[in-house]
Q: 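I'd like to ask you about the structure that follows.
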Amino acid sequence: MLDCSALPKAELHVHIEGTFEPEMVFEFARRNEIALPYGSVAELRDRYRFTDLGSFLEVYYANMAVLRTERDFRELATAYLRRCVAQGVRRAEIFFDPQAHTSRGVPLRTVVDGLVQALEAVPEVSAELILCFLRDQPVAAAEQTLRLAEPMLDRIIGVGLDSAEVGHPPQEFAPVFERARALGLRTVAHAGEEGPPSYVREALDSLGVERIDHGIRALEDAGLVARLRADRTPLTVCPLSNVRLGCVPDLAAHPLPRMLDEGLMVTLNSDDPAYFGGYVAENFTAVGAAFDLTETQLRELAANSLRASFLEESARAELLAEPIP
Ligand code: HPA
Ligand code: ZN
């Protein structure tokens with residue numbers, strides 16, 4: 001089979017806090033003198049048997065307690081970007097969750113400066129930051145976060161919407177997305193991961209997003225599928241995540257082949273690779289094997305990620321023209 005690490009690609013759906021490998025959690029805890037509620041890496045990994053998004057988010061936010069300094073954020077993102085280099089990722093549009101840090105007393109400046117230092121330390125990858133609002137927190141908190149971020153917008157290309165989806169429809173966040181667009185930011189939102197197809201419609205209509213993160217449940221609504229196809233709206237699909245969070249029973253049941261048959265603009269991504277058993281190349285390899293995808297299909301999925309990125313046109317064309325070994 002094709003070596004999927006060799007395909008030039010973009011990763012458009014990765015939460016930097018979701019790249020926090022257990023070994024690093026322990027290292028940072030020791031260094032920052034913070035006690036962990038687990039005795040060993042093995043014990044922590046043992047908690048990674050998730051039943052749904054909520055059960056994952058609990059561990060995901062708990063581990064963040066040990067992320068405190070600029071150095072922590074720099075080392076976290078540098079480690080991720082080094083993996084990008086090894087996996088053919090030429091472009092990374094990286095989510096981060098400011099509210100999960102500011103609510104613990106870590107200044108937004110500390111988070112952004114640490115992340116930006118990492119982007120500068122690994123120039124082989126064209127990388128940008130997307131600030132995500134936590135949809136299970138009040139809209140006012142999202143608005144305040146955007147205000148806090150205004151002096152740092154030269155280092156942030158867009159905003160997204162993540163955290164617990166069901167019961168938190170996109171529409172509530174329309175004013176803050178409108179403000180973000182007025183500030184020149186690009187927009188994306190998680191929708192249709194656990195939530196209904198109506199959330200995907202709302203993300204498009206009320207938030208005006210340019211890409212949908214996940215979007216797997218869009219398939220339940222034929223009219224929506226037709227619209228996504230006609231508009232070539234990119235969907236940042238994360239197969240290993242969907243399996244590990246029980247959004248689909250197993251990889252064989254994943255809707256990716258149906259999404260491709262429907263002619264949707266699908267990209268493959270890792271979401272929270274330290275928790276879900278694989279980075280982006282492993283997602284390619286897993287679906288390639290599960291669905292017997294052809295080399296042409298895998299190349300097309302990699303090319304889609306570059307097409308769906310927020311890269312400038314000339315940089316995108318250059319990456320799409322790169323010869324593949
Ligand atoms: N869904 C919603 N919020 C998240 C996720 C996800 O998969 N990962 C990190 N925050
Ligand atoms: Zn996600």
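Atoms within a ligand are numbered from 1 in the order they appear, just like the ligands themselves. Bear in mind that the values here come from a model prediction, so they are computed numbers and not experimental data.
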Q: Is Glu93 paired with Arg211 through a side-chain N to carboxylate O contact shorter than 4.0 Å?
A: yes
Q: Taking the six-membered ring for Trp, are Phe177 and Phe173 ring centroids under 6.0 Å apart?
A: no
Q: State the atoms of ligand 1, each with its element, that fall below the 4.0 Å cut-off from a heavy-atom position in Glu193.
A: 1 (N), 2 (C), 6 (C), 7 (O)
Q: Check this for me: Glu150, atom CD, are more than 12 non-hydrogen atoms of other residues, nucleotides or ligands nearer than 6.0 Å?
A: yes
Q: What atoms of ligand 1 come within less than 4.0 Å of a heavy atom belonging to Asp162?
A: 3 (N), 10 (N)
Q: Within the 4.0 Å heavy-atom shell around His214, which atoms of ligand 1 are there?
A: 7 (O)
Q: Would you tell me whether Asp46 and Tyr38 have side-chain atoms, one donor and one acceptor, within less than 3.5 Å of each other?
A: no
Q: If you take all heavy atoms of Thr187 and Phe310, which pair is closest and at what distance?
A: O-CZ, 4.4 Å
Q: Between Phe20 and Tyr275, does the ring centre distance come in under 6.0 Å?
A: no
Q: Using 2.8 Å as the threshold, say whether any N, O or S atom from His214 sits that close to the Zn ion (ligand 2).
A: no
Q: Can you give me the NE2-the Zn ion (ligand 2)-OD1 angle for His13 and Asp271, to 10°?
A: 80°
Q: Under 6.0 Å between the ring centres of Phe73 and His101?
A: yes
Q: Flag yes if more than 12 heavy atoms outside Gln144 fall under 6.0 Å of its CD atom; otherwise flag no.
A: no
Q: So does Cys238 have any N/O/S atom less than 2.8 Å away from the Zn ion (ligand 2)?
A: no
Q: Tell me which part of Phe95 gets within contact of ligand 1: side chain, backbone, both or neither, using heavy atoms under 4.0 Å.
A: neither
Q: Is there a heavy atom of Leu57 sitting under 4.0 angstrom from any atom of ligand 1?
A: yes
Q: Heavy-atom contacts with Phe56 under 4.0 Å: which atoms of ligand 1 show up? List them by number with element.
A: 8 (N), 9 (C)
Q: Of the protein's non-hydrogen atoms, which lies at the shortest distance from atom 7 (O) of ligand 1, and what is that distance?
A: Asp271 OD2, 2.7 Å
Q: With respect to His15, determine whether any N or O atom, backbone or side chain, lies less than 3.5 Å from an N or O atom of ligand 1.
A: yes
Q: Below 3.5 Å, N or O to N or O, backbone or side chain included: is there any such pair between Ser163 and ligand 1?
A: yes
Q: For atom 8 (N) of ligand 1, grab the closest protein heavy atom and report residue, atom and distance to one decimal in Å.
A: Asp272 OD2, 2.7 Å
Q: Ligand 1 and Ser241, any nitrogen or oxygen pair closer than 3.5 angstrom?
A: no
Q: Using ring centroids (six-membered ring only for Trp), state whether Phe95 and His13 fall under 6.0 Å.
A: yes
Q: Answer yes or no for Glu193: is there an N/O/S atom below the 2.8 Å cut-off from the Zn ion (ligand 2)?
A: no
Q: Under 4.0 Å, heavy-atom basis, I'd like to know which part of Glu165 is in contact with ligand 1: side chain, backbone, both or neither.
A: neither
Q: Quick check: do Leu115 and Ile16 have side-chain heavy atoms less than 4.5 Å from each other?
A: yes
